[in-house]
Novice: 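The structure under discussion is supplied below as structure tokens; questions concerning it will follow.
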Protein chains: 2
Amino acid sequence: MRADAGLRDLVGYRMKRAFAVIQADLSRVLEPFGLRMIPFSALVVIARQPGIGQGQLAAALAVERSNLVAPLDGLEARGLIRREAVPGDRRALALKPTPAGLTLAEAALAAVRAHEARLMAGVSEADVAALFRACAAIETVPEREETSG
Amino acid sequence: MRADAGLRDLVGYRMKRAFAVIQADLSRVLEPFGLRMIPFSALVVIARQPGIGQGQLAAALAVERSNLVAPLDGLEARGLIRREAVPGDRRALALKPTPAGLTLAEAALAAVRAHEARLMAGVSEADVAALFRACAAIETVPEREETSG
DNA sequence: CGAAACTGATTATATAGTATAACTATTCGT
DNA sequence: ACGAATAGTTATACTATATAATCAGTTTCG
């Protein structure tokens with residue numbers, strides 16, 4: 001009997017354990033780039049979508065706007081992104097990657113992909129595809145307020 | 001183009017998003033039982049393996065021993081578990097569920113299973129099986145110090 | 001026997017992630 | 001013009017997790 005019997009058939013428990021491994025690996029991979037998960041994700045999205053606003057970015061990454069301020073401060077201080085004024089709206093700031101930011105984004109993304117390939121070496125292509133389908137389905141489950149009625 | 005393009009093919013990113021949904025649902029499910037994730041997991045394992053030690057429990061759940069002390073204090077204070085002295089070793093404490101603890105463990109586990117079923121309603125049996133296989137494979141990836149040599 | 005190394009549990013502390021509320025400045029709707 | 005809504009920021013709190021140090025008790029072995 002496994003030491004955590006009773007929990008091993010729970011999707012949440014299993015994903016937590018697996019994700020912890022991925023997260024630890026990811027942290028090691030990003031460390032030489034001076035990035036952590038949120039700044040990394042933000043930088044990649046900004047690189048792909050120059051001019052995106054902070055609110056849009058927060059929505060895209062499913063994090064609170066307020067929790068993005070410090071990470072973006074860090075990226076800006078390192079000269080990886082800039083916050084540009086938006087002509088029509090003086091509240092908004094357009095996030096744009098600098099050339100250094102673009103370079104770092106691509107390099108970090110390549111490193112992450114390489115390490116993920118290693119992490120998933122023991123998983124078949126078909127199972128990876130199933131994993132992605134399952135994640136997509138879970139992500140889109142409705143929030144279940146008043147399911148009755 | 002999705003707002004988080006460039007990240008959506010990363011396993012870590014997708015699992016993080018999906019796990020966040022599961023975690024939020026799990027918190028809601030456990031709330032009426034007065035449990036959170038770690039105490040819940042601990043209680044279930046203790047219920048299944050009466051007499052387990054805190055170090056063993058920590059290893060089983062992959063958490064640090066020190067991070068288990070407060071949750072176990074809570075469970076003990078609520079009369080759900082007891083820490084019994086171990087005859088042969090006066091350092092060790094054997095964790096045992098009380099009748100109330102056993103009852104609550106089973107009720108909470110049933111509720112969690114029911115809600116997971118709802119959460120996974122849109123995922124085929126085969127894909128769930130693949131998800132479990134993928135998680136198992138990821139969990140057992142070696143720690144990768146000196147891969148070269 | 002008795003010192004050193006080890007183990008089980010605990011305490012204290014630091015860091016990261018996340019959630020919430022409140023605030024400023026600006027824009028929009030009427 | 002006025003109130004509501006929006007973009008960004010600040011402050012704060014709570015949870016999770018990691019680490020080091022401490023204390024009591026046990027084991028090893030000269």
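Convention: sequence-line order gives letters A, B, ...; per-chain numbering from 1. Since the structure is predicted, the reported quantities are computational estimates derived from the model, not experimental observations.
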Novice: Provide the start and end nucleotides, 5' to 3', of the part of DNA chain D that has atoms under 4.0 Å from heavy atoms of chain B.
Specialist: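 The protein-touched segment is dT15(D) to dT26(D).
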Novice: Among dG17(C), dG8(C), dT18(C), which nucleotide has an atom closest to any side-chain atom of Met37(A)?
Specialist: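 Comparing dG17(C), dG8(C), dT18(C) against the side chain of Met37(A), the answer is dG17(C).
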Novice: Within a reach of under 6.0 Å around CZ of Arg82(A), are more than 12 heavy atoms found that belong to other residues, nucleotides or ligands?
Specialist: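 Atom CZ in Arg82(A) is not crowded, with 12 or fewer foreign heavy atoms closer than 6.0 Å.
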Novice: Please confirm whether the shortest side-chain N or O distance from Arg65(B) to OP1 or OP2 of dT10(C) is below 4.0 Å.
Specialist: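 Arg65(B) to dT10(C) OP1/OP2: no side-chain N or O under 4.0 Å.
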Novice: Between the side chain of Gln49(B) and the main-chain N/O of Ile46(B), is any donor-acceptor distance below 3.5 Å?
Specialist: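 It does not hold such a pair.
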Novice: Using side chain to side chain contact (heavy atoms under 4.5 Å, CB included), reason through Gln23(A) and Met37(A) one step at a time and then give a plain yes or no.
Specialist: CA-CA 8 Å; Gln23(A) 193 168 27; Met37(A) 247 174 303; 3.2 Å; yes
Novice: Is Arg17(A) salt-bridged to Asp4(A), cutoff N-O under 4.0 Å?
Specialist: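 Result for this pair is yes, salt bridge flagged.
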Novice: Where do Gly55(B) and Arg65(B) come nearest, in terms of heavy atoms and distance?
Specialist: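 Closest approach of Gly55(B) to Arg65(B): CA-CG, 3.8 Å.
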Novice: Rounding to an integer number of Å, can you tell me how far Asn67(B) CG sits from dA16(C) P?
Specialist: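 Rounded to whole Å, this separation is 16 Å.
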Novice: Within residues 79-95 of chain A, which residues have any heavy atom lying less than 4.0 Å from an atom of DNA chain D?
Specialist: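 DNA chain D contact set from residues 79-95 of chain A: Arg83(A), Arg91(A), Ala92(A), Leu93(A).
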Novice: Could you check whether Glu139(B) pairs with Lys16(A) (Lys NZ or Arg NE/NH1/NH2 to Asp/Glu carboxylate O, under 4.0 Å)?
Specialist: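 Salt bridge absent between Glu139(B) and Lys16(A).
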Novice: From Ser27(B) OG over to Ile22(B) CD1, what is the distance, rounded to the nearest 0.5 angstrom?
Specialist: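 Going from the OG atom of Ser27(B) to the CD1 atom of Ile22(B) covers 11.5 Å.
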Novice: Over how many whole Å does the gap from Glu64(B) atom CD to dA12(C) atom P extend?
Specialist: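 For the pair Glu64(B) CD and dA12(C) P, the rounded distance is 18 Å.
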Novice: To the side chain of Ser66(A), which of dT11(C), dA21(C), dG17(C) is closest?
Specialist: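 The nucleotide sitting nearest to the side chain is dA21(C).
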Novice: Measure from CD1 on Ile52(B) to C1' on dA9(C) and round the result to the nearest Å.
Specialist: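 Going from CD1 in Ile52(B) over to C1' in dA9(C) covers 15 Å.
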Novice: Roughly how far, to the nearest 0.5 Å, is the CD atom of Glu31(B) from the CG atom of Leu26(B)?
Specialist: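 CD of Glu31(B) is found 12.0 Å from CG of Leu26(B).
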Novice: Scan Leu68(B) against the nucleic acid and name what it touches under 4.0 Å (heavy atoms): base, sugar-phosphate only, or nothing.
Specialist: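 No contact.
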